[in-house]
2 protein chains.
Amino acid sequence: MLIATWNVNSVRARAGHVHRYLTESAPDILMLQEIKCQAADFPRDALPDGYQVEILGQKAYHGVAIIARHPINLVQAGLSTRRVNESGGQENVDESDAEARYLEADIAGIRVGDLYLPNGNPSRRTDEGGATNSTTESNSIKYDYKLRWMQRLTARAQELMSSEKKFLLAGDFNVCPTARDLYDPVGWRDDALFRLDTRREFRRLVNLGLTDAIRARYPDDTLYSFWDYQGGRWSRGEGLRIDHFLLSPPLADRLVDCGIDRTPRQWEQPSDHTPVWCRLD
Amino acid sequence: MLIATWNVNSVRARAGHVHRYLTESAPDILMLQEIKCQAADFPRDALPDGYQVEILGQKAYHGVAIIARHPINLVQAGLSTRRVNESGGQENVDESDAEARYLEADIAGIRVGDLYLPNGNPSRRTDEGGATNSTTESNSIKYDYKLRWMQRLTARAQELMSSEKKFLLAGDFNVCPTARDLYDPVGWRDDALFRLDTRREFRRLVNLGLTDAIRARYPDDTLYSFWDYQGGRWSRGEGLRIDHFLLSPPLADRLVDCGIDRTPRQWEQPSDHTPVWCRLD
DNA sequence: GACATGGGAG
DNA sequence: CTCCCATGTC
């Protein structure tokens with residue numbers, strides 16, 4: 001069972017890449033982030049024969065999709081616990097569902113959560129004083145939103161830990177878990193992707209008992225999954241590891257191999273992210 | 001000597017097409033219209049080895065360029081007679097030079113004028129009366145500008161007829177000379193490309209003694225050089241003949257063959273125009 | 001319908 | 001740097 005995750009930075013701009021990746025790597029499941037379109041605009045011709053797709057989309061931004069060769073049984077879209085009842089009753093939409101960032105499904109006996117965690121920058125709110133030029137620093141609205149979103153994700157993971165046997169969370173977490181996971185830890189000290197508060201919240205999640213597959217398999221390697229378009233980061237080899245697979249204990253036991261496939265980052269007009277994959281027996 | 005003209009509708013969007021056309025058809029001279037960029041942004045990699053280019057560009061709209069395998073000796077950019085003097089003295093810019101639409105050069109002993117004539121639509125100004133709902137029709141500002149531009153072009157052609165032996169004018173004239181030159185003469189009766197005033201002004205130009213090469217070679221054929229993107233005009237075969245070669249008498253005598261090459265209109269993401277070409281001995 | 005622009009986002 | 005959108009031209 002081969003499972004992959006990929007932030008494609010617009011599935012319409014990258015339909016050819018998605019088709020090529022599915023054809024050449026033939027994953028059983030591919031979880032996409034930042035599809036940047038509504039479900040109706042998802043390019044179906046990106047899917048080779050035999051693949052199906054479930055989509056949580058919105059206009060212009062965010063958006064996640066799960067592509068698989070097995071039937072996809074949708075469990076929930078969004079992170080809120082309350083769902084719409086069948087008689088059209090009250091839906092209690094969590095703040096974390098305002099944007100299309102989370103899709104959960106059962107596929108071939110595995111529960112998968114596909115997520116696109118908020119970036120959170122700018123991290124600090126800067127109130128500029130007039131003549132004094134004084135600045136007071138507090139968390140920005142966007143950073144607070146990120147932290148709350150992470151808390152909601154952790155709550156969901158907690159539910160899954162209690163109730164489910166086999167599940168994984170994969171996607172673009174927008175978190176560098178440790179200083180080894182980015183090219184310039186000092187320069188990024190205050191960035192929402194690496195701030196101590198971010199890493200602490202990520203550790204809370206992992207400490208539920210999840211396994212960061214890539215780091216478990218390669219404890220000491222420098223591995224990145226994202227290289228900014230700006231500043232020639234790819235050619236300088238300056239990236240971040242922010243796309244992750246978190247495996248629940250029974251799936252961690254089934255981990256055969258995993259890796260980061262840098263090939264698609266070298267294709268024409270690539271996404272700034274490249275696929276991360278896991279093979280389970 | 002093979003000479004071609006092509007409205008490319010953005011040379012940056014069509015750099016690959018221009019390169020392919022130059023490679024496959026190998027014209028000695030290619031005159032482009034609607035390059036839609038400043039000279040500095042012209043994609044030089046559109047030129048195969050051995051070709052050079054002279055550009056009159058501006059931001060976003062219009063813009064003409066002459067590409068050739070022979071040295072290009074620029075004569076003038078724009079239609080005004082007065083030029084900048086070398087000591088930086090007064091330049092008398094004609095109204096017709098406000099937009100980048102005309103470039104004239106000597107190449108291999110031939111004077112060529114590359115032009116992108118104003119479209120002129122909307123043709124009529126409509127003053128809506130309030131309660132009465134009356135409308136008075138007079139020429140629009142854009143149509144008047146087109147007619148004046150044509151008059152200035154005719155004046156330039158008159159100068160060339162008097163002083164020069166061999167010259168041609170080629171480009172996007174935005175004029176259907178006769179009812180045979182568009183798919184729906186009745187429907188287009190009032191359009192700036194086919195209005196009687198437009199055709200009359202075009203005839204004044206031709207009547208200086210110029211030869212409309214395509215029509216001279218194919219007196220009775222239905223031939224188009226432009227098919228609107230909208231309404232599936234290409235697939236319906238509904239076009240306009242608005243791109244022309246006008247030859248002065250000595251060049252008309254040297255006309256070996258000419259045609260409209262519909263191939264590039266069938267390439268991926270094509271221009272709405274296709275190249276028109278002439279072979280002179 | 002397919003270019004251009006400028007602004008917002010990452 | 002490379003997407004998205006809205007508006008404007010033809």
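Numbers restart at 1 for each chain; the letters A, B, ... are given by sequence-line order, proteins then strands. All figures in this text were calculated on a predicted structure; none of them were measured in a lab.
Checking each of Trp6(A), Tyr116(A), Phe226(A) against His273(A) for a ring pair (Phe, Tyr, Trp, His ring centres under 6.0 Å) leaves exactly one that passes, namely Phe226(A).
Put simply, CD on Glu99(A) is 11 Å from P on dA9(C), counting in whole angstrom units. Computed from coordinates, the Asn7(B) CG to dG1(C) P distance equals 19 Å when rounded to whole Å. Note: CG (Asn174(A)) to C1' (dA9(C)) measures 12 Å, nearest angstrom. Counting to the nearest Å, the P atom of dC3(C) and the CG atom of Asp172(B) are 17 Å from each other. Rounded to an integer number of Å, the gap from Arg265(B) CZ to dG1(C) P is 12 Å. Look at CG on Asp272(B): it is 9 Å from C1' on dC3(C), rounded to the nearest Å. One interatomic measurement links the two molecules: CG of Asn119(B) to P of dA2(C), which rounds to 19 Å at whole-angstrom precision. The NZ-C1' distance, from Lys142(A) to dA9(C), rounds to 7 Å in whole Å.
For Asp190(A) and Arg195(A), the salt-bridge test fails: no basic side-chain N is under 4.0 Å from an acidic carboxylate O. The pair Arg152(B)-Glu95(B) does not count as a salt bridge, with every side-chain nitrogen at least 4.0 angstrom from each carboxylate oxygen. Between Asp228(A) and Arg233(A) no salt bridge is recorded (no basic side-chain N to carboxylate O distance below 4.0 Å).
Taking 4.0 Å as the cutoff to heavy atoms of chain A, we find the contact window on DNA chain D bounded by dC1(D) to dA6(D).
Within the structure, every side-chain polar atom (N or O) of Gln269(B) is placed at least 4.0 Å from both OP1 and OP2 of dG1(C).
Heavy atoms of Glu34(A) sit nowhere under 4.0 angstrom from any nucleic acid atom.
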*Can Tyr224(A) and Tyr183(A) be said to form a ring-ring contact (aromatic ring centres under 6.0 Å, His included), step by step?*
CA-CA 9 Å; Tyr224(A) 304 136; Tyr183(A) 70 95; 7.2 Å; no
*side-chain hydrogen bond (donor to acceptor under 3.5 Å, both in side chains) assessment of Thr5(B) paired with Gln33(B)*: CA-CA 8 Å; Thr5(B) 178; Gln33(B) 302 88 40; 2.9 Å; yes
*Go through Ser96(A) and Asp94(A) one step at a time and tell me if the side-chain hydrogen bond (donor to acceptor under 3.5 Å, both in side chains) criterion holds.*
CA-CA 5 Å; Ser96(A) 57; Asp94(A) 193 273; 2.5 Å; yes
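For the residue pair Lys59(A) and Gln38(A), the shortest heavy atom distance occurs at N-CG, 3.7 Å.
Geometrically, Arg124(B) does not engage Tyr143(B) in a cation-pi contact defined by less than 6.0 Å to the ring centre and at most 45° from the axis.
Contact check of residues 224-233 of chain B against DNA chain C (heavy atom, cut-off under 4.0 Å) returns Tyr229(B), Gln230(B).
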